[in-house]
Asker: 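Questions regarding the structure given below will be posed in turn.
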Amino acid sequence: MGAVKELLEEAKEIEKMNIYEKLLAVQNSMGVTERNAKGYGYKYVTEDVLQAKLTGAMTKYRVILAHSIIPETQHVETVETHNKKGEPVVEYRYTACSKYTWINVDNPSERIEETYAAVGQMSDVSQAFGAAETYCNRYFLMKNFQMPTPADDPDYIRSLQAEAEDGVKPAPQPAPTSKPVAPKATPKVSAYSPIDKEEISNMFNTATMKFGKDYGLNLIKSYMDERKIEASSKLTKGQYQEIMTLIQTTPLPPEMQEELPFGPND
């Protein structure tokens, strides 16, 4: 149970941290995020890649981010412009102010509220809204955690539309070689393979994030006791998936629902 003891000690230290210390730890976990997609000659970071890195750090350090749009700041207007062919077109410009609230799960009274501007302009008003909020969310997170970005990226949907207008040139094919290189075989991961330390950490963090330390650890312990598994390092990847599903599908006890720091509509 050595790994479990280490994780419990780490969880105790995290529980003592205030919200500023936790956000600093999340920032230190982010590092440099490479731009993983390209559109119309620009490279940018997609939101799924950014949030994949962020969610793991937020789960570990037990902070959540609540997002809402301040209703009175929403505004839509039409803009007359021209497409690349010089033809007149009408686009919709959506502007609003988004509010982000960081909450310390271990001490929900500790909160940090921040606002960020959202602007999107597209030929469809729903796309303008989606572009504004996606762009706002991505840049809020990147600037909030001081993640380096070499250049401003264009809106993803607009880049795809521009590529469709111009036509996408096929990528040049490499010259054939006399000895073709066989692709590297991807190692198969069996459901009976042992889980790694990262999966152990994710399992315990997810359980304690949802249920609290005592209830979350007891849930995992009950699963292991039923199968006579002595240590978390003895779990298989298949059993890890079963535990993660158990955590996701097990409802909160009534007494925990009463202690939620905010309601579903806040």
Asker: If you measure from CZ on Phe145 to CG on Asn28, what distance do you get to the nearest 0.5 Å?
Answerer: 10.5 Å
Asker: Using distance alone, with no hydrogens and no angle criterion, decide if Tyr240 and Asn202 have a side-chain donor and acceptor under 3.5 Å apart.
Answerer: yes
Asker: Under 3.5 Å, sequence neighbours excluded: what are the donor-acceptor pairs made by side chains of residues 73-80?
Answerer:
{"from": "Thr73", "atom 1": "OG1", "to": "Ile70", "atom 2": "O", "distance (Å)": "2.6"}
{"from": "Thr73", "atom 1": "OG1", "to": "Cys97", "atom 2": "N", "distance (Å)": "2.9"}
{"from": "Gln74", "atom 1": "OE1", "to": "Tyr94", "atom 2": "OH", "distance (Å)": "2.8"}

Asker: Taking the side chain as C-beta and beyond, is there a heavy-atom pair between Gln239 and Ile229 under 4.5 Å?
Answerer: yes
Asker: Here's one to test your reading of the geometry: is the NZ or CZ of Arg227 within 45 degrees of the ring axis of Tyr223 and under 6.0 Å from its centre?
Answerer: yes
Asker: Quick one, Lys12 with Glu9, criterion salt bridge (Lys or Arg N to Asp or Glu O under 4.0 Å). Give me CA distance, side-chain angles, the key distance, then yes/no.
Answerer: CA-CA 5 Å; Lys12 289 180 181 178; Glu9 291 177 352; over 6 Å; no
Asker: Does any part of the side chain of His82, heavy atoms only, come nearer than 4.5 Å to the side chain of Glu87, both counted from C-beta?
Answerer: no
Asker: Give a yes or no on whether the backbone of Lys197 and the side-chain of Ser201 come within a donor-acceptor separation of less than 3.5 Å.
Answerer: no
Asker: Would you give the length of the straight line joining atom CD1 of Ile112 to atom NZ of Lys22, rounded to the nearest 0.5 angstrom?
Answerer: 11.5 Å
Asker: Would you say the side chain of Tyr100 lies within less than 4.5 Å of the side chain of Ser68, judging by non-hydrogen atoms?
Answerer: no
Asker: So do the side chains of Tyr116 and Asn144 get within less than 4.5 Å of each other, counting heavy atoms only?
Answerer: no
Asker: Please name the pair of heavy atoms, one in Leu141 and one in Leu54, separated by the smallest distance, quoted to 0.1 Å.
Answerer: CD2-CD2, 3.5 Å
Asker: Is there side-chain contact between Asn104 and Arg111, with heavy atoms separated by less than 4.5 Å?
Answerer: no
Asker: When Val105 is tested against each of Thr59, Ile19, Ile64 for side chain to side chain contact (heavy atoms under 4.5 Å, CB included), which residue passes?
Answerer: Ile64
Asker: Measure across Asp106 and Glu15 and return the closest heavy-atom pair with its distance rounded to 0.1 Å.
Answerer: OD2-CA, 3.5 Å
Asker: Picking from Glu242, Glu199, Glu198, what satisfies salt bridge (Lys or Arg N to Asp or Glu O under 4.0 Å) with Lys237?
Answerer: Glu199
Asker: Which distance, rounded to the nearest 0.5 Å, do you find between the CG of Leu235 and the OG of Ser193?
Answerer: 13.0 Å
Asker: Mind checking whether Tyr92 and Tyr135 sit in one hydrophobic cluster, side chains of I, L, V, M, F, W, Y counted as touching below 4.5 Å?
Answerer: no
Asker: Before giving the answer on side-chain contact (heavy atoms from CB on, under 4.5 Å), spell out for Met224 and Ile220 the whole-Å C-alpha distance, their side-chain angles and the decisive distance to 0.1 Å.
Answerer: CA-CA 6 Å; Met224 294 171 59; Ile220 297 174; 3.9 Å; yes
Asker: Taking the side chain as every heavy atom from C-beta outward, state whether Ser98 and His67 have any atom pair closer than 4.5 Å.
Answerer: yes
Asker: Under a single-linkage definition using a 4.5 Å side-chain heavy-atom cutoff for Ile, Leu, Val, Met, Phe, Trp and Tyr, are Tyr61 and Met58 assigned to the same hydrophobic cluster?
Answerer: yes
Asker: Are the side chains of Ile243 and Phe204 in touch, meaning some heavy atoms are under 4.5 Å apart?
Answerer: no
Asker: First locate atom OG1 of Thr206, then atom CD of Gln248, and finally report the distance between them rounded to the nearest 0.5 Å.
Answerer: 8.0 Å
Asker: With rounding to the nearest 0.5 angstrom, report the OG1 to CD distance, Thr236 to Gln241.
Answerer: 9.5 Å
Asker: Is the shortest heavy-atom distance from the side chain of Ile103 to the side chain of Glu110 under 4.5 Å?
Answerer: no
Asker: What do the steps show when you test Glu91 against Met122 for side-chain contact (heavy atoms from CB on, under 4.5 Å), and what is the final call?
Answerer: CA-CA 5 Å; Glu91 294 186 335; Met122 304 290 290; over 6 Å; no
Asker: I'd like to know if Tyr215 and Leu246 are part of one continuous hydrophobic network [Ile/Leu/Val/Met/Phe/Trp/Tyr, side-chain heavy atoms within less than 4.5 Å].
Answerer: yes
Asker: Can you give me the closest heavy-atom contact between Cys136 and Ala118, atom names plus distance?
Answerer: CB-CB, 3.7 Å
Asker: Leu24 and Tyr20: same hydrophobic cluster, using ILVMFWY side-chain contacts below 4.5 Å?
Answerer: no
Asker: For side-chain contact (heavy atoms from CB on, under 4.5 Å), just list the numbers for Arg138 and Met142, CA-CA rounded to whole Å, side-chain angles, deciding distance to a tenth of an Å, and then say yes or no.
Answerer: CA-CA 6 Å; Arg138 185 166 72 243; Met142 295 181 75; 3.9 Å; yes
Asker: Looking only at heavy atoms, which two atoms of Ile69 and Ala96 are closest? And how far apart?
Answerer: CG2-CB, 4.0 Å
Asker: Is the shortest side-chain N to carboxylate O distance from Lys60 to Glu10 below 4.0 Å?
Answerer: yes
Asker: Is it true that the side chains of Trp102 and Glu114 contain a donor and an acceptor less than 3.5 Å apart?
Answerer: yes
Asker: Mind checking the NZ-CD spacing from Lys234 to Glu230? Nearest 0.5 Å is all I need.
Answerer: 8.0 Å
